[in-house]
Each structure stands twice: as C-alpha cells, then as structure tokens.
Amino acid sequence: MFETPRSEALYQRACKVIPGGVNSPVRAFKSVGRSPLFIKKANGSKLWDEDGHSYIDYVGSWGPMILGHAHGPIIEAVKKAATDGTSYGAATKLEIEMAEQIIKMVPSVEMVRMVNSGTEATMSAIRLARAFTSREKIVKFAGCYHGHADSFLIKAGSGALTLGVPDSPGVTSSVAAGTLTAQFNHAESVQQLMESHQGQIAAVIVEPVVGNMGCIPPKGGFLNALRDLCNKHGAVLIFDEVMTGFRVSPGGAQELYGIKPDLTTFGKIIGGGLPVGAYGGRNDIMSMVAPLGPMYQAGTLSGNPLAMAAGLVALKTLQERPEIYETLERLSARLENGLNGIIQRNRLPLRQNRVGSMFTLFFTGELVEDYDSAIKADKERFTLYFNAMLQRGIYLAPSQFEAAFMSVAHTEDDIDQTLNSAESSLRLAFDK
Ligand SMILES: *Cc1c(COP(=O)(O)O)cnc(C)c1O
C-alpha cells in the first residue's frame, strides 16, 4: 500500500472532530480501502498532498476547475474583490453582470437566481416547479445525483451510490413518496409514471449527461422524448446542469443536444472554485420567485462578491475563447484513444463513456447506459486500479461511479504519463 504518513496523521486527528474526517463523504476514500489524502495545494493540472507527493488531477474539485487550479485571472479577481469587502448582504452590480453572462451563454435561461451550492439550486428549482404547477410529485432517474436535499436522496448517485446508501435514513416517508424514480435512457419509464400519476407530476429533473453514476451520455432521442412528455403532461422539465453547464459546451448540454428545458440548475464551474449555485429559466416560471412572486427562497451570502468575481472570470473566459473546448476535446480524445489501445492490446473487459471533457472508464465489458448496467462494474478491480494509479501520481475520483474531468491546463505530456501509468495499473488490476 502506498504510504502517506502525514495524511494518515491528519486523518486520525480529523476523525475526532469531523464525522468520518471529511466534510463530504466522497473525499473519504472509504470505498477504495484507504484513508484520504490531505491536499496542501494545487496548480494547473496538478495537486500536492501533505506528504509532498504530486498528482495529475482528474477530479478537478469534482468539476469546477475547467481552467485548471489557481488560474491566474481568477485568483486576481478574487483578491481584488476581497479588498473591497467579502460580503455586504446587499445588491451589487457584479450580480447583474453574472446574471447577464449566464443568460447570454445558456439558450433557455431568461432570468436567474444565484444561490450558494448545487444542492440549493436543485432544491429551489423543484420547489419552484411545484409552486408553478400546483402539483407535488417529481420524477428523477435512478443513479442521478442532484445534491443532498431530502427529495433527491432516493436512488441517488455519486457518494450515496458509492457508499451503498442511495436511500438515506432521515428522509421521511412522506417526502420520499413525492419522488418517483424512472430509468435513464428509457423514456417509456417516464411515460408510464406520467400516465399512472395524471395531473400530479410537477417536474422531471435529469442530468442531461449523467456524471454521478459515472459518465453516461443520453441516447439519441431520449432528451427529446422527455421534452415531449413534459409538454404533453404539463410538467416542468429541469436540466440539472450543475456538472455539464459550461463544461460540455459553452451553453451546456442543452446547447450540445439542442433541447430547451424550462428550468436549469447550475453550480461547480459557475463559481470558478468558490461555493456557488444558480437556477434559472423561463420568465413566467422565474417570476414566481420572491420578492417578485410568492415562492420563497433566500440566502444571506447569495451572490457573494468573491464568488461572483471568480465565476464571472471563468464564464467570460469560456465564452470569449471557444478554442478552449477544442483543446479539451483534443486532450480528452488523446486519453480516450490511448486507453482504447491499452484495452485492446491487453484484451481487457473495460468500457469508456465520454462526452467532451467528462468521461469514465467502466470496469465492465458491457455497454453502460443506465443504472442497472453501471452497477455491474467490478468495484474490486476498480479499487486495485485506483490505488495503483494513485501510487503512480494520477489522482482519480475514489469511486467507479464518478466522472473524470479534463482541464485546459492539462498537457499532452500529462496525458502520456497518465497512459503509461494506466497500462501498468490495469495489467496489475487484471493480473496480466
Ligand atoms: C455536484 C452536483 C450537485 C450538487 O452540487 P453541490 O454544490 O455539491 O451541492 C447537483 N447536481 C449535480 C448534477 C451535481 O453534479
């Protein structure tokens, strides 16, 4: 086992005062059989742990770091904003600029409200959909993760799936009864729910490209079918683009696939690494949000000037430099092609899914296109691979059920080093 004594000591200390030693379960490395790394600093494509090891990072803080860590202009913007005070709890010009920037980039968004996390964005969006439709039930997909609000911890993905608690205790049965579960890439499962709950479904919420059971792209026609079903049954279609927003294209998955949701939720990239979320969409729906309308939602630190400053630099950079997406595609394709070569040379039962700069290597020989196929992955072999990669200086998400992310700060050398490490790690995982 790869030794990290300083991280280990910090972990022991953390466990006495923080549940499980971490402030978010996926950081614990529990499912890959080791204690977590404590990170000291990051720059570009690299992370450094407290023991002084460096890693090529494919977690990217779980998605936000599309421009790389400690991106100069973002750091400058945060410093400058901090000099003028860290929070006022009052309206600022920066918030208008942020809203205008999002509306400019994302086709379906006409009005937007800033919040502090992706979780806040999705829980506000379903409250809004319920208020708008005067209906109570929502439909989500097995294995999709929409943050940790009660309504979403039903067949949830990400850490909940990794740790085997897709249905968390503490969620009341009455709340759970309000969430219906469908199968991703199977529109007929949504149709059945719509028909058996006529006039009761307020919203369908979906990760348009799933990241939280590993990367799973939508099959052709699936998102269109959701759009049609929501139109037909008067339900609000919510794209949870907390992960895909500004990542799979400047306008997110809705631009990539040409589908207009009614509401969209954001997080991650939108904050440039600071804690931010947002929800937005159609004018008539957003007009229900207080103080314009009766649906109450608030936040002491919402629209925080440091977060707005960081996020604005991130979004403007992505909008003004479309070649960034070409670079991300080139680097991601280089990694994908290299891995495919390794898979074929060594005849390994592995599958890759990728949409632009988000991707997953699944430890199964079969297609992965929904929850049932994702959970067939061989977690023991993944664990062997993960630990071998970590030892070789490659930092992957400590779970089979997560997407990996490329940043523009990654280099071809990084990719080639990753491929070298992957070949030896995979041979080790498969005893070849
Ligand atoms: C990360 C994520 C969330 C939750 O965002 P937090 O900022 O962690 O609360 C919600 N939805 C999706 C699709 C995500 O990837």
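Side-chain atoms are counted along with the backbone in the values below, which use heavy atoms only and exclude waters and symmetry mates. All ligand and atom numbering here is 1-based and tracks the order in the structure.
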>> We want to know whether Thr244 and Glu207 form a side-chain donor-acceptor pair, criterion being a heavy-atom distance below 3.5 angstrom.
In response: no

> Would Asp240 and Thr265 count as having a side-chain donor-acceptor pair, cut-off 3.5 Å?
Replying inline: yes

For [X], counting its heavy atoms only, list the atoms of ligand 1 lying under 4.0 Å from any of them.
{"X": "Glu207", "result": "13 (C)"}
{"X": "Asp240", "result": "10 (C), 11 (N), 12 (C), 13 (C)"}
{"X": "Gly118", "result": "4 (C), 5 (O), 6 (P), 7 (O), 9 (O)"}
{"X": "Tyr145", "result": "11 (N), 12 (C), 13 (C)"}
{"X": "Ser117", "result": "7 (O), 9 (O)"}
{"X": "Gly147", "result": "3 (C), 4 (C), 10 (C)"}
{"X": "Met243", "result": "15 (O)"}

> For ligand 1, is there an atom lying under 4.0 Å from some heavy atom of Lys268?
Replying inline: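 A heavy atom of Lys268 does come that close to ligand 1.
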
> Do you know which two heavy atoms are closest between Lys140 and Lys155, and how far apart they sit?
Replying inline: NZ-O, 3.0 Å

>> For ligand 1 and Val242, I'd like to know whether there is a polar contact (N/O to N/O, distance under 3.5 Å).
In response: no

>> Any nitrogen or oxygen of His146 lying under 3.5 Å from a nitrogen or oxygen in ligand 1? Just yes or no.
In response: no

> What do we get for Thr265 next to ligand 1 when only non-hydrogen atoms under 4.0 Å count, side chain, backbone, both or neither?
Replying inline: neither

> Can you name the one residue among Arg113, Gln297, Glu120 that meets side chain to side chain donor-acceptor pair (under 3.5 Å) with Tyr279?
Replying inline: Gln297

>> I need the nearest protein heavy-atom contact for atom 9 (O) of ligand 1: residue, atom name and distance, please.
In response: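 Nearest protein contact, heavy atoms only, for atom 9 (O) of ligand 1 is Thr119 OG1, 2.6 Å.
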
>> Do the side chains of Arg351 and Glu369 get close enough for a salt bridge, i.e. N-O under 4.0 angstrom?
In response: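 No, Arg351 and Glu369 are not salt-bridged.
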
>> Between Arg6 and Asp49, does any side-chain N to carboxylate O distance fall below 4.0 Å?
In response: no

> When the aromatic ring centroids of Phe184 and Phe222 are compared, is their separation below 6.0 Å?
Replying inline: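 Aromatic pair counts; centres sit under 6.0 Å.
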
> Does NZ or CZ of Lys40 lie under 6.0 Å from the centre of the six-membered ring of Trp48, at an angle within 45° of the ring axis?
Replying inline: no

